[in-house]
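To keep things clear, I will list the structure first and then write my remarks on it.
Quick caveat: nothing in here was measured; it's all calculated off a predicted structure. Just so you know, these numbers use all the heavy atoms, side chains as well, and skip hydrogens, waters and symmetry mates. We number each residue from 1, following the sequence as shown.
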Amino acid sequence: MSGKLASMKILNLTTPLLALLTLLAVACSEAPLRPEAKEATPEARPQPPAATLSLQQAMQLYHSRQWKEAIPALVEVIRLSPEGSRDPLRLLLADALIESGASDSGMTIFDKVKLGSGAAAESRLLQQFLKAQQLAPNDPERALMQLRQPAARVEAIPGYSYLISRYYQLRAALEMQMKQPLQAVSDYIQRHRYLKAEDELLVNERLIWNILTRLPRAQLHQPLPLSRDRSTEASAELLRQWRELVTVHRDYMADPQLLQRELTQWQQRYPDHPISTTLLQEIQGLSQQPPLPTKQIAILLPLSGPLSRAGEAIREGILGGYYLDQERGERSLRFYDTAGDPAQGEVSYHQAVADGCDAIIGPLNKEVLEPLLATIPTLKTESVPTLILNQIEGALPPNIFSYSLAPEEEARNSARFAWDQGYLRAALLLPEDSIGHRLGDQFRLVWETLGGEVVTENYYAPEENDFSPTITSLLKLDESQQRYDRLRQILREKIEFTPRRRQDIDFIFFSAYPRQARLIRPQLQFHHAAELPVIATSHLYSGTADLDHNRDLNGVKFGDMPWILTPDESRAPYPITLTERHRGGMLQRLVAMGIDAYHLLPNLQLLQLNPTRQQQGVSGRLSVNLRQEIERQPIWAQFEQGEARPLPAASAAPAL
């Protein structure tokens, strides 16, 4: 999006220009910024001064978004302008630098600008916008406060439609980050009025559609919170119409003919709605769009080197899906060995594209993925749909999708499941390592968004055998013991004492590998927490029946793949060599990942356009979110008599 929330690439400025930018850090008084200059009538008049001509040229370049040309023009007009009128121009220069990719230089100049009370409205708006951009990565709440001025004041500024559209875009993005989707949609509706290019309008419409279609029905129709800077009545009416369109699609998507009839009636009811014909056609086509044609699929995996066992497990899963695919036709697979090496990964990708492959699965490891993804946008190969097999930070390029078995996803799913069980107050018991802290962060994020409270958060040393200190702290048994000791000192006599655990938690969210889990669960019971519900990640289950050892886990609930929890049903179509060769839970989970990656590939764009649709896989129910990531909903199980038994489907958490 324009107005990036993350750090950006620094523009390669010439040395003289960098020197001049340093001089521009001096802050002075204000002069209003003017919109695009109108062409003067050819009358006999004195020749305008050089500063005026330079300003007209700089403003034309700025408003036409020719950032790299606008930067030296603005530098020149600042040089020619009086000291007292430079700060508003510095704002424009800072903005142009940021938009061109030189974020650090732009923010350095912005930090030196000081506007007084007499500053023009457009200068004030740009200052607020840039301040919000600066705050957004680390403090989205304060950034959003910067953009809370009433809509009427924003829209009253003439000639600055591009700035106003960015204002609403940033505000909507921050509202999404703060889990306020309806407010975000309202701002995208406001933004629509200030866009001109057809491609920008369509992208904005898709944002509105994708956000609304991902909301549960009850949340979709919640009233918009009242606020003095909310949308006008016209925008509120448009939001109502958008909601109705989403409901129409949900109710009739299974029957293309009925859907077409209802869409036509919706158009007749709202002939002035700004929705494009393109998006309406996409909505109509969601229920009947054929899978993406994939005649030659490239698979980039580490088939040699330290990750070869993982690569082989995924490879066999892909082959298993391929050979059981009754509709594969003339489709073929080509395997490329990345060896887990970044250089080899890039060579393999280029070779796959040169070989004419029309879809790609992989690579797997981040060391190969991150440098490759940095180059893909420059290769002009965005038309090749790619399903990478890991998660990465930041936005994915167009047509690149991410599918992973990341532990963070388990934390998010566990929070939703716990909320569906009716719990409100959580205690976290996690390993003291990077994965444990990532689990804690993601669980807390979703749990608090839903409305729950994390009462306590404790981390244990995974290499230990005695976890009593951590558990007694988690349950506040140490405080109970301290109270007893004080009472005994006061009474000076021996009294009967049974430690009492804290009563302000409803359940424990827990993660451990099998060895630690089989030690920690009995210690929880010993420390008076036998009746406290425990919801765990799948790490505690090896994937193979071990009734004697797993009896210690009785009562623990966890989410896992159908491939692991219902093997008789999920694995039945596949040859026994596929299901038995890779012993151990993680390798079997990678086999399932390979099967689902193969079946996902033709449907990626369909799932992206239709966020309410899910694809049932052997690793779970799969869908595509706004970040082009595959979201995986597991099935849930509970240990009973040492056996992991699936829970009824009604016990599973609904999609958030």
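A donor-acceptor contact shorter than 3.5 Å is absent between the side chain of N550 and the backbone of E643. Put simply, the side chain of E410 gets close to the backbone of S538: a donor and an acceptor are under 3.5 Å apart. Without hydrogens or angle criteria, Q344 side chain to V368 main chain gives no donor-acceptor distance under 3.5 Å. Side-chain N or O atoms of E175 include one that pairs as donor or acceptor with a backbone N or O of A184 at under 3.5 Å. A donor-acceptor contact shorter than 3.5 Å links the side chain of T213 to the backbone of N210. Using modelled atom types, no side-chain atom of N458 and backbone atom of L429 make a donor-acceptor pair closer than 3.5 Å. Between the D560 side chain and the L565 main chain, no donor and acceptor come within less than 3.5 Å of each other. For the pair S473 (side chain) and P469 (backbone), a donor-acceptor distance under 3.5 Å is absent. The backbone N or O of V384 lies less than 3.5 Å from a partner atom in the side chain of T386, making a donor-acceptor pair.
Salt bridge annotation for R425-E453: absent, with no cationic side-chain nitrogen under 4.0 angstrom from a carboxylate oxygen. A salt bridge links E457 with R444: the distance from a Lys NZ or Arg NE/NH1/NH2 to an Asp or Glu carboxylate oxygen falls below 4.0 Å. Between R521 and D552, no side-chain nitrogen of the basic residue sits less than 4.0 Å from a carboxylate oxygen of the acidic one, so the salt-bridge criterion is not met. Ion pairing between a basic and an acidic side chain is recognised when a charged N comes within 4.0 Å of a carboxylate O; R632 and E409 show such pairing.
Rounding to the nearest 0.5 Å places CD1 of I361 at 15.0 Å from CZ of R334. I635 CD1 to W563 CH2: the interatomic distance, rounded to the nearest 0.5 Å, is 13.0 Å. Note: W447 CH2 to Y423 OH = 9.0 Å, rounded to the nearest 0.5 Å. Separating the SG atom in C357 from the OH atom in Y349 is a distance of 10.5 Å, to the nearest 0.5 Å. Note that the CD1 atom of I400 and the CD1 atom of I392 stand 9.0 Å from one another [nearest 0.5 Å]. Of the inter-residue distances, the one linking L369 atom CG with Q391 atom CD reads 11.0 Å to the nearest 0.5 angstrom.
Cation-pi geometry between R315 and F335 is met: the NZ or CZ atom falls under 6.0 Å from the ring centre, inside 45° of the normal.
When every heavy atom of G362 is checked against every heavy atom of I360, the shortest pair comes out as O-CG2, 4.0 Å. Nearest heavy atom pair, residue Q628 against residue P397, reads NE2-O, 3.1 Å. What you find for L182 and Q222 is that their closest heavy atoms are CD1-O, 3.4 Å. Considering all non-hydrogen atoms of both residues, P181 and M176 come closest at CA-SD, 3.8 Å. For P462 against Q516, the heavy-atom pair with the smallest separation is O-NE2, 3.1 Å. Residues A411 and Q442 approach most closely at CB-CB, 4.0 Å, considering heavy atoms.
In this structure, W419 has its ring center at least 6.0 angstrom away from the ring center of F507. Between H437 and Y459, the distance from one ring center to the other falls under 6.0 angstrom. Aromatic rings of F558 and W636 (six-membered ring for Trp) have centroids beyond the 6.0 Å cut-off, not under it. Ring centroid separation for the pair F639 and Y541 comes in under the 6.0 Å cut-off.
Partners of F509 by ring pair (Phe, Tyr, Trp, His ring centres under 6.0 Å), not counting sequence neighbours, listed by chain and number: F443. Judged as a side-chain hydrogen bond (donor to acceptor under 3.5 Å, both in side chains), and not counting sequence neighbours, N390 has no contacts. For D337, there are no salt bridge (Lys or Arg N to Asp or Glu O under 4.0 Å) partners at least two apart in sequence or on another chain. Residues satisfying the salt bridge (Lys or Arg N to Asp or Glu O under 4.0 Å) test with R551, not counting sequence neighbours, are none. Remark: R438 pairs with E408 by the salt bridge (Lys or Arg N to Asp or Glu O under 4.0 Å) rule, at least two apart or across chains. Partners of R243 according to the salt bridge (Lys or Arg N to Asp or Glu O under 4.0 Å) rule, which considers only residues two or more places apart in sequence or in another chain, do not exist here.
Side-chain contact of R621 with Q616: a donor-acceptor pair under 3.5 Å is absent, judged by distance alone. Between the side chains of Q641 and N554, not a single donor N or O lies within less than 3.5 Å of an accepting N or O.
Other residues, nucleotides and ligands contribute over 12 non-hydrogen atoms within 6.0 Å of the CD atom of E463. Other residues, nucleotides and ligands place more than 12 heavy atoms under 6.0 Å from the CD atom of E640.
W209 is listed as a side-chain neighbour of H249, based on a closest heavy-atom distance under 4.5 Å. The side-chain heavy atoms of N465 and L519, taken from C-beta on, include a pair separated by under 4.5 Å. Looking only at side-chain heavy atoms (C-beta outward), I630 and L604 come within less than 4.5 Å of each other. L301 is listed as a side-chain neighbour of L389, based on a closest heavy-atom distance under 4.5 Å. In this structure, S308 and L303 have side chains that are not in contact, with every pair of non-hydrogen atoms separated by 4.5 Å or more. Counting heavy atoms from C-beta outward, L600 and L607 have side chains that approach closer than 4.5 Å. Annotation: side chain of L300 is not in contact with side chain of L364 (no heavy-atom distance under 4.5 Å). Taking the side chain as every heavy atom from C-beta outward, I388 and L373 approach each other to under 4.5 Å.
Between F510 and Y460, the ring planes are tilted. Angles from 30° to 60° get that label.
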From CA spacing to verdict: side-chain hydrogen bond (donor to acceptor under 3.5 Å, both in side chains), N399, Q605: CA-CA 8 Å; N399 240 1; Q605 293 175 334; 2.8 Å; yes

Go through D546 and R518 one step at a time and tell me if the salt bridge (Lys or Arg N to Asp or Glu O under 4.0 Å) criterion holds. CA-CA 12 Å; D546 191 348; R518 292 165 183 161; 3.8 Å; yes

Side chain to side chain contact (heavy atoms under 4.5 Å, CB included) between I318 and I595: does it pass, once the steps are laid out? CA-CA 5 Å; I318 291 172; I595 293 171; over 6 Å; no

Start with the C-alpha distance between D325 and R331, add both sets of side-chain angles, then the distance that settles side chain to side chain contact (heavy atoms under 4.5 Å, CB included), and finish with yes or no. CA-CA 10 Å; D325 183 3; R331 185 180 300 158; 3.0 Å; yes

Go through Y403 and S619 one step at a time and tell me if the side-chain hydrogen bond (donor to acceptor under 3.5 Å, both in side chains) criterion holds. CA-CA 11 Å; Y403 175 35; S619 67; 2.8 Å; yes

Using the rule given for side-chain hydrogen bond (donor to acceptor under 3.5 Å, both in side chains), can you reason through D358 versus T294, listing the C-alpha separation, both sets of side-chain angles and the distance that settles it, and then say yes or no? CA-CA 6 Å; D358 49 18; T294 50; 5.5 Å; no

